[in-house]
Structures are given as C-alpha cells and as structure tokens.
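Okay, so here's the structure we're looking at.
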Amino acid sequence: MRKNNQNEKRIVVAIGGNPNSGKTTIFNHLTGSRQKVGNWGGVTVEKVEGTVEHKGYEITFVDLPGTYSLTAYSIEEIIARNFIVDEKPDVIIDIIDAGNLERNLYLAVQMIEMKGKFIFVLNMADMAKKQGLKIDGDKLATLLGGPVVFTIGNRGIGVDVILDKVVEVYEGKDKKVRHIHIPYGRDIEEGIKKIQSVIRRDKDLRKKYSTRWLSVKLLENDSEIIQKIKSKFNNPDEILKQVEESRYRIHRIYKDEAEVLIADQRYGFISGLLQETVSLKPVNRIDISQKIDMVLTNRILGIPILIFFIWLMFQVTFGLGAYPMDWIEDGVDFFSKIVAGILPEGILKSLIIDGIIGGVGSVIIFLPNIILLFLMISLFEDTGYMARAAFVMDRIMHTMGLHGKSFIPMIMGFGCNVPAIMATRTLENEKDRILTILVNPLMSCSARLVVYIMIAGTFFGKKAGNVIFSIYAIGIILAVIMGRFFRKTVLKGESEPFVMELPPYRIPTLKSVIIHMWDRSVVFLKKMGTVILIGSIIIWFLGNFPIYKSYSVDYNSQINKVNVEFSRKIEALSSQNPNYGEQKKTLEEEMRREIEKLEGKKKEEEIENSFIGRLGKAVEPFFRPLGFSWHEGVALITGFVAKEIVISTLGVLYGVGNNGEAQDLKKALLTKSHMTPLIAYAFLMFVLIYTPCLATVAAIKRETGSLKWTLFGIGYELSLAWILSFLIVNVGKLFIGG
Amino acid sequence: MDDKKSSVKREFYTLSDYREGERGKIVDIKGKGKFLTRLLEMGFTKGEDVYVEKYAPLKDPIELIIKDYHVSLRREEAENIIMTKPEMVKKRKNEKEQSK
C-alpha cells in the first residue's frame, strides 16, 4: 500500500559498480520481481528500477550502468554520474568486488568526490576469503567515508544488511558517513584551488554541484563538464582560461597530462588505503579460473571447445526446443478448432482464426526456441564464458569491424535474430552495438531456412543443399563487407579500445539466471507480441478486403456440385462390398482434394483482388527487373510479418491453398510462376538480405532506441537485396543466356 | 627534453614484444583521449607490474594480469604501452603470481 507521497518516507538509492562486480545479482535480490525496465532518456542504455518497503520506508533502487570509471567517454559513465549529480539520490551504493579491490576502488574514489551519502558493499566476500584476503571493514569505512557491508551476492547473504544500512544512513545514524577529500599533491591542488575560486563566483553552480568535483573534472579535460560550463556558467571563458593555464603549468612541470597524474594520485590514495586495511595471509593462492582457462582458451583446444559450446547451444535450443514447439503447435491448432466451432461464419471468425490465431500462432511456436536462447545467453554471461568467447574470436571479429563480444550475438542470428539482437547488450560500446545490430540480419535465421528449402528444393533438385549453403556463405561474406564498410563510413569515429576484463568463472545462481531469462522473455512477449499481433491483423485485413463477390467462376456452386456428386457415389457403394470401408475412404479423400483445389482457386482470385494483391500489382515494377511477378512481390511483402509466411502466401497465390501439399506447391511453382533457376536464386538472395521480420525490426528499434537506425537498417537491406538480385539475374543472363 | 619516443629505435620494449610468461613494469603510455583514459581506469599506470598470461589461439588478443586481475588487450593496443625489459618468470605449481 503506497503511503501518500510524504517525501520523508521515500528513499531513492542509486546502485553503481564495476561490470562483473555482481551488481545486478544484488540488485535482483534487493528488488526481486518488482522491477521496472525502461531506457535512460532516449539512449540505448537500459534503466532498471525497483521499489521495496522496509522499516516503514518506500525504497526505490535505481540500477546504474556498470562502469569502471566516471569519465565522459562513454554514455554509460555519463548516465551514471549525471544521475548522481543531477537527481541527487538519497543514498548511493557502490558494489565492489572484494577480490579485486584495487581496481574497483578507482570508481569508488571518483564517486566520493561527488558528494553524497555512500554505502560500500564488498561483494563476493567468499572469493576474497579464499584468496587469503583479510579486510578491515571498519577501517575501510572510516577512510572511505561510508559504512562497509560484506555480501555474498549470489547466495543472497548480506542483502538484508544493505536494506538496514540504507535506512540508517538516510536517517543520519551512521557515524562513518562523511565527506572525504582525495589529496592530489601540491601542484594539482593548487590548480584545483584556482579553478574553484573562479567557479565559486557563480552562485547557481555552487549550489548545484560540488565545486571541487567540477574543478577536478575540468583539470582532467572532461568534455561533458566543459560543455556544461559553457552552457550554464555566466562567464565560461574566464573559467576555461584558468583551466587552460593550470593544465599547461602541470604539463610543463611533469611532462604529462593532468589526467594521467590525477589517475596516478587516485591509485596512490587507494594503495595507501589498502595498506592500512588489507592483509594477505600467506596462503597458496590457487586460481581456479586460471586453471580452467588453461583448457578453455588453450592455443589448440580453445576454438574447438568454443565450437562445441555453440553446437551445444543450438542443440539445446532446437533439439530440446522441438518438444514444446510441437506442443504449442498442437495447442494452437486445437484452440483454433474450438474457436472455429464456436464462432458463426463471417468476418469476425475469419479475423480471429486466420488473422489473429494464424498470424500470431506462426510466431508463437518459436517461443520455446527464443526463451532457450535467452537462457543460453544468461548462462554464458553469468558464468563468465562470454568474455572467453570474445577473447578467442576477437581477431576474426575485428576484421569484420566488430568486437569479440559480437561473436555470440552473430552466431545466435542463425537461430533467430530477435534474441541475437537483444544479446548485443553485452557489448559495452554503443557503436559496436549498433554495428552488430545492423549486420545481424544477414545471419540467415531459421525461419528463412523454410523458404530456402522449398524454393531450392523445387528449382535445384539434388543440388539444393549446395545452393542453400552458398546462400548462408554469402550472408556471412556480406556481413563482413558491410561491417567494414559501415565502420569506415556511417559509424566511424575514434576506434574503441578492446581492453576487456576476463572475470573469474562463477557458478551462476539459478535464481539469477531465471530472472535474466524471464526478464528478456517478458519483454519479447510484450513488445514483439504486440507488434506481431498488429502486423498479422493488418496483413489479414489487406488480404481479405475489399470483399470480393464477382468471381470468374461460380466456385460455390462448383463446390456444391462436387459434394453432391461424391455423396451420390458413396451412397451407391454397396455396403455388402467387402472393400466398402476402403473405397469409401478413397472417395472421401478425392472429394476433399477436389474441394480443396476449388477453394484454393477461389482464394487465389480473392487475394488477387484484395488490397494486398493490388499492392503487389502496384509494386510489380519494382520487382519486374528482378524477374519476380506480383505473386512473388506479395509473398515477400507478407514475409515482413514472419519469413515462413512467404511460402504459405505463395501457396495461396498459386492456388494450392494455405495448407496445400508441398508437392503441389512445387509443381505450381515450376509451371505457373515464371521463375527459372536463375530467378529462383535471385529470389533466395532477396529473402536472405531484405528487411527482417517485424519482430526483428521491433527488436532493433528497442535496442538502438532510435528510429533513425531502424529505418536505416531497413533501407540499406532493401536496397542491397534489390541490387544483388538484379545483378544475379542480369549478369547471370549473360552467362547462361536466359 | 623530449620524453616521447622518437622514431629512432632505442632500447625500449612495448607490451606487444612480450611473450607468454614474461613480466615487467609500465614505463609510459602513448596515446590520448579515450584510449588513454580506458587504460588508466583499468589500472595501467606508470610503474605498474604487468604479466603476460597468454596469447589467444589466433595470436591476438593478449591476456594479461595486472593489479591482480585478468585483462585482455589487442596487440595493436599493446604496442602503445612502453615497458621495461621483459623478465621471464617461471611459475611454480599451484602458485599465482603476486603482482603487487
């Protein structure tokens, strides 16, 4: 029950920390399922919040992006520090990996410079103990200016202590809370003082920010702070001039940039701090992770082992996933039949059965696969193997203009592009993320395989396998080319340093893995589900309207005739005939097929005259140079909802019906369509490259947070598909002669 | 006084010259901006001890141990880190290097 917004009863707590410090696990333990996921102000970084009640307070935890520092060089860092500085949370928690104190404290030290009430959580305390580390938490708290809490995040130990501490700190009852100054040495301190005195003249800046923090940042040449000063300060030039002077002076004395010295001083402070608070017991430090890596990133075994894990991933996803996939398919069919039985004939029935259940159903059967892929991502990340995969593959990825961490998302694209794109979250840098997302659709997903098999099987017979393989190969080659191309043009800029931490291996908790998997699945269902639902309805509408009455042939009476004819034949069968059962069955089969054929032709005409048919005819000029008729055009358009629909649409358009036999469709394609093997190959190429399905587009929009990139992705894919198909058909003609 | 390295090859080593099992101290870091800052925040400061754990199966990137944790770096990045003369370290069984 929410209390009436009395501010004294609400506490806002920011949680920061290094990546791999176990921050997310602790956040999950603190907030459980009560999480709200969104994005930070229109950027691609995920924002997670959760509210809990404790000791009469409503505590809202905000998970800041994991960062190693608080510079202006990455969007994550800017978000983290701006939240602290602008939103002024009541309490700030820094999650620290106790086994890795020195580097983790680099962030802590920058945080305490920002003024605030801090709690320092030393997580993975068990690992630290195993390493023989003894940490004096009390002393550390005194030196850092905030209470220290030891936790073992993945077992949930210490989390309740955090909640208690939050309340204590908020109520001002913790004695350790005080503001600490990091001493930077005489010359830098002089520079800071001079800059501070200029800043102090602006009353607004003084009230809003810690002037010392601003001064240090300016001395470090922080571009975002410089921007802030320029826009908010009344007289920016004066202050910037002072900064310039001080920086020059420092450079002259030390022959190094101020930021290098400031970093040195920070580490010096940390070093002193550690000397007073940490003692190492003379225990043989056995590093299990190192031992494991002797095998997993071994010069000879490393890559085969990686291939094995990838194979395992697909086995679980598609092998294991096949069972629930069948159940869901049966379930949808069953549900469909029940609904068909209840509803009266008419438009509503068609909308619900064909449009909604049909459209959504064809995507929902992939749900188990997608959830399993999310599970795999969670496992790779939480165990720490993701970093190893990136380490092994970086060289290849780098030649594609990508980052080692792009490997897993790219490979996943062969299964389904949706979780693959969502997996790009592991990439720490925005440009790398966007690039991976842009080329990911070129990794041919399993839905497209359905189309390849049908088309290649029809037009290439025994060679179908090689043809399909060539399509996959070309997809990969294109990804390499486009990756490098984009890296040089649209996404150029200072190249991202690879510097990547290889965290110790961890056994993930079931709870943590399930929460990760669950979060992503829910997002998928909500966002993609809605999009697919709307898309299916639209396609249904376009395909069934305007309602067509004037058929070329009176199909209904034809169907009646068939009914009557066969019923008579069946009646005429003598029940004494020993083969009665068999013959009756054969006749019933024949009757069913005849009726299906007629209904198929009826549907064909309907579609031809529907909006979608008209749309297909309207865009025919677009497809003509590629050798596709309006049939293929329409099929490709419906493929926008889900790629498998391309085949069923072709079926309907060539009069074979929605659930027609594969043989019939093959025959129809060979005879009725005007496709030659060459054109068929161009068609395959088009399907490979052109815009991905709705769910993927929705995923792209969500992960890039930008309409611009989404449209760009769609645009370049459509263009590239057209160009390549065109080349294939026209250049191919020269060689083959038609 | 020009501390930045000139193109005349003097007796200096870069981290990319180090082989597996070698260790040394950082002398200087070439570069500015994001690259420099990133290295600094990961603990690559002057005088810091660095140990080369291994090279990736494809010979790139490099896995290092610095400030007691494992980091990987591309060779082209390691070229910008000037080091002391490498010292080959023999690892005794079951003992991890204490790089303090």
Side-chain angles (χ1 to χ4, degrees), chain A residues 67-74 97 99-103 106-107 110 131 220-221 255-257 259-260 262-264 266-268 274 280 284-287 289-290 293-294 297-303 306 387 390-396 398 404 494-504, chain B residues 1-4 15 20 26-49 51 53-81 91-100:
Chain A
T67 59
Y68 291 106
S69 173
L70 293 174
T71 65
Y73 284 113
S74 77
D97 177 358
N100 207 334
L101 270 176
E102 202 176 347
R103 202 208 59 228
Y106 192 73
L107 175 65
Q110 292 189 60
Q131 285 174 34
E220 283 184 293
N221 206 21
K255 301 285 185 254
D256 248 329
E257 302 285 352
E259 55 262 42
V260 174
I262 290 177
D264 272 346
R266 286 186 181 130
Y267 279 117
L274 290 178
L280 201 62
N284 276 343
R285 290 161 66 179
I286 304 170
D287 192 339
S289 292
Q290 217 155 351
D293 273 339
M294 286 208 270
T297 54
N298 181 281
R299 177 171 309 192
I300 301 178
L301 295 177
I303 296 189
L306 179 58
F391 177 68
V392 168
M393 280 299 162
D394 183 67
R395 183 149 188 203
I396 296 181
H398 196 42
E494 218 183 310
S495 110
E496 267 310 297
F498 176 71
V499 192
M500 177 185 76
E501 184 182 0
L502 287 157
Chain B
M1 248 177 66
D2 181 20
D3 261 6
K4 298 299 174 198
L15 190 50
E20 283 184 16
I26 299 179
V27 167
D28 193 10
I29 302 179
K30 294 197 297 193
K32 283 176 135 60
K34 189 163 196 176
F35 175 66
L36 178 63
T37 309
R38 185 80 173 131
L39 285 180
L40 288 175
E41 75 197 24
M42 296 301 260
F44 287 79
T45 52
K46 285 194 197 160
E48 193 60 42
D49 239 20
Y51 170 76
E53 171 73 12
K54 64 153 63 105
Y55 277 72
L58 297 176
K59 307 284 172 65
D60 196 2
I62 316 174
E63 181 180 348
L64 311 160
I65 301 184
I66 189 170
K67 287 204 198 303
D68 285 342
Y69 80 108
H70 296 241
V71 174
S72 63
L73 217 57
R74 287 187 183 136
R75 292 193 67 169
E76 66 190 18
E77 291 161 347
E79 270 170 26
N80 290 316
I81 302 176
K91 276 206 302 202
R92 289 207 296 267
K93 237 174 78 165
N94 287 346
E95 223 179 89
K96 186 184 156 197
E97 277 313 300
Q98 295 179 23
S99 44
K100 271 233 168 49

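None of the values given here were measured: they were computed from a predicted structure. So you know, we letter chains A, B, ... as the sequences are listed, proteins then strands, and number each from 1.
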Short side-chain to backbone donor-acceptor contact, A/Y267 and B/G43, under 3.5 Å: yes
Please check if the side chain of B/T45 supplies one atom and the backbone of A/D264 the other of a donor-acceptor pair under 3.5 Å. no
Separation between [atom1] of [X] and [atom2] of [Y], rounded to the nearest 0.5 Å:
| X | Y | atom1 | atom2 | result |
| --- | --- | --- | --- | --- |
| B/I66 | A/E102 | CD1 | CD | 9.0 Å |
| A/T297 | B/H70 | OG1 | NE2 | 10.0 Å |
| A/F498 | B/E77 | CZ | CD | 8.0 Å |

Just checking, B/K67 and A/Y106: is the charged tip under 6.0 Å from the six-membered ring centre and within 45° of the axis? no
Is there a side-chain contact between [X] and [Y], using heavy atoms and a 4.5 Å cut-off?
| X | Y | value |
| --- | --- | --- |
| B/E20 | A/R299 | yes |
| B/D68 | A/L101 | no |
| B/K46 | A/D256 | yes |

Engaged part of A/T71 at the chain B interface, taking heavy atoms whose separation is under 4.5 Å: side chain
Given heavy-atom pairs under 4.5 angstrom as the criterion, report whether the side chain, backbone, both or neither of A/E220 touches chain B. neither
Examine whether an atom of B/I62 lies under 4.5 Å from a heavy atom of chain A, and if so say whether it belongs to the side chain, the backbone or both; otherwise answer neither. backbone
Does any heavy atom of chain A fall under 4.5 Å from the side chain of B/T37, the backbone, both, or neither of them? side chain
Where do [X] and [Y] come nearest, in terms of heavy atoms and distance?
| X | Y | answer |
| --- | --- | --- |
| A/V499 | B/V71 | CG1-CG1, 3.8 Å |
| A/F391 | B/Y55 | CZ-C, 4.3 Å |
| B/P57 | A/G302 | CG-CA, 4.3 Å |

Hey, is A/D293 close enough to B/K54 for a salt bridge, meaning N to O under 4.0 Å? no
What residue among B/K59, B/R75, B/R74 forms side chain to side chain contact (heavy atoms under 4.5 Å, CB included) with A/R395? B/K59
Given the options A/S74, A/S69, A/P497, B/R38 meets side chain to side chain contact (heavy atoms under 4.5 Å, CB included) only with A/P497
If you count heavy-atom pairs under 4.5 Å with chain A, which of B/L73, B/L58, B/L64 comes out on top? B/L58
The test is side-chain contact (heavy atoms from CB on, under 4.5 Å); show your working for B/I65 and A/Q290 and say whether it passes. CA-CA 11 Å; B/I65 301 184; A/Q290 217 155 351; 3.5 Å; yes
Below 4.5 Å, heavy-atom pairs only: which of A/M500, A/M393, A/R266 has the largest tally toward chain B? A/M500
